[in-house]
Amino acid sequence: MELKMFLLVSGLLVGSLVALGGASGSPAKGCKDNKPPVIEKDCHEPAKNRTDKKENETVKKSFPVLSLDYENVRLPFEISLWVLMASLMKLGFHLMPRLSSIVPESCLLIVVGLLVGGLIKLVGEVPPVLESKIFFFYLLPPIILDAGYFLPIRQFTENLGTILMFAVVGTLWNAFFVGGLLYGVCQLQSANLGDVNLLSCLLFGSILSAVDPVAVLAVFEEIHINELLHILVFGESLLNDAVTVVLYHLFEEFSNANTITATDVFLGVVCFLVVSLGGIVVGAIYGILAAFTSRFTSHTRVIEPLFVFVYSYMAYLSAEVFHLSGIMALIACGAVMRPYVEANISHKSHTTIKYFLKMWSSVSDTLIFIFLGVSTVAGPHEWNWIFVGATLFFCLVARVLGVIGLTFVINKFRIVKLTSKDQFIIAYGGLRGAIAFSLVYLLSCDHFPRKNMFLTAIITVIFFTVFVQGMTIRPLVDLLAVKKKQETKRSINEEIHTQFLDHLLTGIEDICGHYGHHHWKDKLNRFNKKYVKKCLIAGERSKEPQLIAFYHKMEMKQAIELVESGGGSKLPSAMPSTVSMQNIQPKRSSQERALPQLSKAREEEIRKILRTNLQKTRQRLYSYNRHTLIADPYEDGWNEMLIRRKKMKDLEKKMNNYLTVPAPPSDSPSVARARLTSDPQVRGLKSATKNIPSIKVDFASPQNPESFSVEDEFRQKGSQPKESKEDDGGLTMKVPSPEKQKKDKTPDEEPQQRLMRCLSDPGPAAEEEDEDDPFLP
Amino acid sequence: MQFACACSARQMLYECNRNHRKIEQQTRRLGYWWRITVVMGSFQSLPDDHQYQTLSKNTGFSLEQIAILHNRFKQLSQNEETLRRDDLKTIQDLESNPIRSQIIEAFFDSRNFQNDGVGSVEEIGFEEFLTVMSYFRAPPQHITEEQREKIRRSKLRFLFNMHDTDNDGTITLEEYRHVVEELLSRSGALGRETAKGIADAAMLEVASISVGPMAPDDFYEGITFEHFLKILNGVEIETNMHIRFLNMDATVLCK
């Protein structure tokens, strides 16, 4: 039912797109028309229309109640319509789980694009084409930034050598192999391709050789391959951009000049270094700027995410200004800024960044594939069986040979060798995509008369890789039993041991006496901690070691989960809800062992609330005590006391919601469990308790009437007496040491101490000071 | 192939001999051979390829690697036949390592070089040194699942032994706290305060993963080796715990 409704809606939408969008779509560009991009054209038109209208109005006196001015809103309207359609399509596929489990989303999107394009053509309009400018300036950056910002840096750097080898040498090999052989094919008499020269073949080869990050991401995210293979293929697709950019500009330049000297080749190599390293430097500069900016955003949290996006986009554009590799700049920018920005910004901003990046990249990705389909219908095609067939064949062969050859070399240096399965997946995962298409589309017709044939060939290759390889890779991964990604959250134990292992390996390297990978990493980390973090991260967090940062993050996550789950007794995660601290505490005696069963997160919450209140209490208590010592409480302390008692009552009511003490047998050593009740109350407590000035808990003078009243209230609530136990473990609610000294006190004292314990600031951090200085000034 | 290996090892040995001769000019050839026998210490036979071959077979290192490690061993032990804790403590790079003492201790932990060894020793010979080092070798390329598991277990056992200081088969909370404290020992007061909390949280996690729901009176003694295997399932220790052992001498570069 739901599905049908949905299909209906999307059908209507597509219909409207065809009717409206078709009319406006930029006409497909043949080779000859090099007119300005659509946007500019559309910007001028509404202005003209408006002047027309004005003239009309002066003639006609009547005021138009309802007028139609579609031209005015056409461009944004159409953009929104496309985006809406793309999003609905994405939504639709996930309503059909059976379909999306067989066919990758990218294939389906291309099919949709084909259908929409076909419809537009059927109506008699010219379908729009994936404009290179739009693609490179608006659709590509979000995807790359998403990839760069969430790049698994550890795996990436560990495999950097292999990735670079594939990205640089592999792409070069592919480009020249395909280009050269295609030229050979073109020389064949029967192909009728005599007019294709070597340079355009090489240019075509270099465009074709690059593995496409968009396509790879789309397919690999669905098959959940293990991290190593993912980062190898994906890293390659990101880094080969520099090679492609250089080769593209190089061959384009050469085909204009028609002569190549050795100097040109040398300059080409230099150019490659400049383009790739320049891109990284530009990106890193912007990344550091972004990190530095985020240091000061603590008062304007709202715009924090914006800095991340804008700085990265600026990095991309700045790199493009110099024809540096924009993709490399984006990756570098994202990867550099992330650790520092994350430490500076608020948790909410972080979530915002995450969601925005994911949203943008998934919309971009959807649009790219749909437009690829539409462009296929629209584009002027020149089908040449021999050329297209040869392209496809060589492309596949080059990939396979390249991977096998390079792995042979790489395996000599790698410690964890790439198996033949890995090689197969790397070769098979070499998908081509929209970047290649856009690059071919950018070629000028003057220098490349056979541009349309190139376009057709590249579309064929893209379709083949996305459809055939993209669809079969999942069954093949299953069939070969390639190791998959483990979908587990990183646990604190794993984090501890990752850190431990890092230090251990560094230490062993030092003992072995050679400076290896780990040694330099350690040096870099130390440098980072000592200087960079201090500059880029505000406040205390700059000194926080990674493990502690991880721990805090985990605590935070648990707290959020706890709040989201309604604060019930069941924690949604697999975290320590079932096992409490007392289970792991070393057994002393049963008397000492038991302690309230508080989960870390809850305790943290309670502690925070209590800390703010008790801080005040301590201060007020001091003055009050001194006061009572001198003056008669019945005179000027009485009113204050009444108010205070009332507030105390309020607080306690809430405390009892907060710390519900289930009644254990009064003499059993079992625990008093402190439980959070539902979440709204917790929040309410937080705000309500803020304005309570103080709690009257007088420790020093047990005969003070106040302390008895507290005790009475405590009893009224029906709390059962608990054992006063003590534990010097980490999470215990510490009984202040004076208890020991006051053993001779009346038993009536006990409940009060219990309350004290409830209100005390437990936890490992405050423990030491509590020991010496229990609440008393 | 075997022959070539042996040849190159002999070459290496020759090289290292020559170095020694430079250091100690006055040592005569006969005396030298005698001295090197002493240096090799723990095995009192002729210092020929055979010795290295045996070591190579036992530890899986190549002959070149053994020669290099031997050089380093002698450098560290100041040409003594055994290595003491103080020798390792003099390594400068190690000084900034937060878990330095544990690393050093691991070299003298007899559990790591004998299957049923207990306690720690005061000094180790080259063979023991090499055995400890062999825990940090990368797994070979073609191995069966069983072998992989075996390697995994032995590497994890090494780690486990580093934590289980009193050799009772479990990592108790105290021991685990100690580990985390050491790990954070370089980060000042902030680290010390949090270390306990982290260790406790980690311990709770272990208990909840490996035992499941526990009654309030139950007590989780500590992490046993089986639990240790379980909690580190996500870390591919067999591929992560390795360093690159050079086939070429680089000790000259380091002081």
Side-chain angles (χ1 to χ4, degrees), chain A residues 411 415-417 419 486 488 490-494 496-501 503-519 526 540 543-545 547-548 551 554-555 574-587 594 597 600 670-671 729-731 763-765, chain B residues 69 72 75 88 91 93-94 96-100 103 133 136 138 141 159 172-174 179-180 183-184 187-188 190-191 193-194 196-209 211-214 216-220 231-232 234-235 239-246 250-251 253-254:
Chain A
N411 265 352
I415 290 187
V416 183
K417 315 278 186 213
T419 62
Q486 284 154 330
T488 46
R490 208 161 168 71
S491 70
I492 183 96
N493 279 296
E494 283 174 11
I496 290 175
H497 280 92
T498 313
Q499 300 265 324
F500 192 83
L501 209 59
H503 289 301
L504 177 64
L505 293 178
T506 314
I508 296 294
E509 267 187 1
D510 291 337
I511 288 177
C512 273
H514 66 256
Y515 293 165
H517 183 127
H518 299 282
H519 178 86
R526 214 164 294 150
E540 275 299 295
K543 293 187 205 102
E544 208 167 58
L547 185 58
I548 295 183
Y551 175 62
M554 200 188 74
E555 265 189 332
M575 288 310 290
S577 58
T578 52
V579 182
S580 69
M581 227 15 239
Q582 55 157 343
N583 293 127
I584 63 168
Q585 288 291 345
K587 228 177 224 167
Q597 187 176 34
K600 220 42 230 166
S670 75
V671 225
L731 301 181
Chain B
L69 284 174
R72 178 65 178 172
Q75 192 187 7
L88 287 182
I91 302 174
D93 295 311
L94 212 54
S96 51
N97 203 319
I99 55 167
R100 172 178 164 213
I103 295 175
M133 280 298 176
F136 295 93
Q141 189 178 0
L159 278 184
T172 57
L173 185 62
E174 287 304 314
V179 171
V180 180
L183 209 52
L184 294 173
S187 37
L190 192 71
E193 281 168 14
T194 327
K196 221 181 221 175
I198 294 178
D200 292 345
M203 202 68 175
L204 281 177
E205 190 185 271
V206 181
S208 69
I209 289 174
V211 181
M214 288 176 92
D217 280 341
D218 291 347
F219 176 58
Y220 185 70
I231 55 169
L232 292 185
V235 186
T239 53
N240 283 331
M241 188 171 145
H242 64 74
I243 68 164
R244 190 181 291 273
F245 289 100
L246 297 182
T251 40
L253 299 171
C254 316

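Naming convention: chains lettered A, B, ... in sequence-line order (proteins, then strands); numbering from 1 in each chain.
With a threshold of 4.5 angstrom between heavy atoms, Leu88(B) approaches chain A through side-chain atoms but not through N, CA, C or O. When heavy atoms are compared at a cutoff of 4.5 Å, Leu69(B) approaches chain A solely by way of its side chain, counted from C-beta outward. Interface remark: His497(A) contributes side-chain atoms only to the contact with chain B (heavy atom separation under 4.5 Å).
Note on Ile496(A), Leu501(A), Ile511(A): by heavy-atom pairs under 4.5 Å with chain B, the leading option is Ile511(A). In terms of heavy-atom pairs under 4.5 angstrom with chain A, the leader among Leu159(B), Ile99(B), Ile198(B), Asn97(B) is Ile198(B).
Residues Asp510(A) and Ile103(B) have side chains not in contact (no heavy-atom distance under 4.5 Å, counting atoms from C-beta outward).
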